[in-house]
**Q** 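First the structure, which I've put down as C-alpha cells, then a few questions once you've had a look.
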Amino acid sequence: MKKLLITRRIADPVLEQAAALFDLTIHEGGPLTAAQAAQAMQDYDAILPTLGDDFSAAAFSGDLRCKMLGNFGVGYNHIDAAAAAAAGVIVSNTPDVLTDATADIGMMLIMMTARRAGEGERMVRAGKWEGFGPKVGLGTHVTGKTVGIVGMGRIGQAVARRCHFGFGMNVLFYNRSPKEVDFPASQISDLHDLMGAVDFVVVTVPGGAENRYLVSAAALAAMQPHGIFVNIARGEVVDEPALIDALECGAIAGAGLDVYEHEPYVPERLRALENCVLLPHLGSATVETRQAMGQMALDNIIAWAEGENPPQRVN
Ligand code: 8YV
C-alpha cells in the first residue's frame, strides 16, 4: 500500500476513502513548516496538502520518495510547481468545483462593503442602534454601477456574470492575455486605467511570484475616492500597507477582503477601520464545495497511484 499524508482534516467521506486505498496519515497541528514539508517528501509516496503548507523549492531537493502532490485548493502558490516538476513530482489542484462558492463571496463582499453591513451588524450587536433614520447607515448603490474584474479566469468570469446578469452592472476587466467572454464585458489593456474607471474593483488573479503586488500603491492611487476594492484572490497580489493607507486617508471608500498578505495575521490598522469588511478566507467554505475539493484532490492522487495522468495536473 502506498503511503499518503493528508495535511489537514478534510471531509470525512474523503478521509474514509483515502484510508481504504492508502496507508493514511493525517497531520494534526496546523500547516506544515518548510522543514516538515521537506521531511514529508522523504517519508510519503503522495501528499494531499493545502494552503499554508510550505512546499517551496527546498522541499524538492535530494532523493524524494513522494512523487505526487494533490493540492486541496485551486490556488497553489504555496507549492513551487516548477521545482516540483524538475524533481519529477506531479502537482494537481481543484479548479471549477469552488468557482461558484468563491464568486458568491466576491458578491457578498461587494454588497457588504457598499451597504455597510459589517458596521451595521456591529452597531446592532453592541446595542447602539437608535432606530430607523433617513440618514442612518447610508451606503452606496450597487445595481447598475461599473465593476472592474482584475483577472478574467474562471472565478473572475463567475463574478462578472453575477454582476452583469444579477445586478445590471457594466463589466470592465483587465487580463494579461486577450480574452473573449460570452457576455457583455470590455477588456481594458492597462490595469491603472481599469482601476480608475470603475466603482468596484474585484481581484481574481492567481497568487504567486508573477502577480506579487500587481495591485501596487500606484494602481490603488488610480481609483476614484468613491471606489470600493474587493480581494478574493491572494493577499500577496496587493500592496497591503498601501491599501491600508488609501483606506485610512479616504483615497478610496472601502474594501472587502477575504485574503491577506500574511494570513492569518491581519494588521491592527486594518482591523481598526470601519470602512472595510474582513473575512477569514471563506472563499470556498461551503460544506458541499469543501467536500468536492477534497474528492477532486484525492481522485487525482488515485489516478496517479493507478498509473494514469492526474486530470487536474498543473505542472
Ligand atoms: C481554499 C482558495 O479553500 O482554492 C483556493 O485557492 O483560496 C480557497 O478557497 C484554500 O486555498 C485551501 O486550499
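None of the values given here were measured: they were computed from a predicted structure.
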**Q** Checking Asp182 now: which residues fulfil side chain to side chain donor-acceptor pair (under 3.5 Å) with it, not counting sequence neighbours?
**A** Arg161
**Q** Where do Met1 and Asp23 come nearest, in terms of heavy atoms and distance?
**A** SD-N, 3.7 Å
**Q** Hey, are Asp45 and Arg65 close enough for a salt bridge, meaning a charged N less than 4.0 Å from a carboxylate O?
**A** yes
**Q** Transitive ILVMFWY cluster of Leu51 at side-chain heavy atoms under 4.5 Å: who else is in it?
**A** none
**Q** Considering residues at least two apart in sequence or located in another chain, which fulfil the side chain to side chain donor-acceptor pair (under 3.5 Å) criterion with Gln39?
**A** Asp43
**Q** Heavy atoms only: give me the nearest Leu138-Arg116 pair and the separation to one decimal.
**A** O-NH1, 2.8 Å
**Q** Linking Ile, Leu, Val, Met, Phe, Trp and Tyr through side-chain heavy atoms less than 4.5 Å apart, which residues share a cluster with Phe60?
**A** Leu5, Leu32, Met41, Tyr44, Ile47, Phe55, Leu64, Leu69, Tyr76, Ile79, Val89, Val91, Val314
**Q** Rest of the hydrophobic cluster containing Tyr265 (Ile/Leu/Val/Met/Phe/Trp/Tyr, side-chain heavy atoms under 4.5 Å)?
**A** none
**Q** What closest approach, in Å, do Thr7 and Thr50 show between heavy atoms, and which atom pair accounts for it?
**A** OG1-N, 3.6 Å
**Q** Thr146 side chain to Val198 main-chain N or O, any donor-acceptor pair under 3.5 Å?
**A** no
**Q** More than 12 heavy atoms of other residues, nucleotides or ligands under 6.0 Å from CZ of Arg313: is that the case?
**A** yes
**Q** Would you say that more than 12 heavy atoms from the other residues, nucleotides or ligands in this model lie under 6.0 Å from the CG of Asn309, or not?
**A** yes
**Q** Is the shortest distance from a Lys or Arg side-chain nitrogen in Glu28 or Arg8 to a carboxylate oxygen in the other one below 4.0 Å?
**A** no
**Q** Kindly state each residue pair satisfying side-chain hydrogen bond (donor to acceptor under 3.5 Å, both in side chains) with at least one member in residues 227-247, sequence neighbours excluded.
**A** Asn77-Arg234, Asn77-Glu236, Asp245-Arg269
**Q** Can a donor-acceptor pair be found, under 3.5 Å and without considering hydrogens, that links the side chain of Thr94 to the backbone of Ala297?
**A** no
**Q** Should we say atom CD of Glu130 is surrounded by more than 12 heavy atoms from elsewhere, each under 6.0 Å from it?
**A** no
**Q** On a heavy-atom basis, which atom in Ile149 and which in Leu194 lie closest, and how many Å separate them?
**A** O-CD2, 4.0 Å
**Q** Can you tell me if Glu263 uses its side chain to pair, donor with acceptor, with the backbone of Tyr260 under 3.5 Å?
**A** yes
**Q** Should the heavy atoms of other residues, nucleotides or ligands under 6.0 Å from CZ of Arg125 be counted, would the total exceed 12?
**A** no
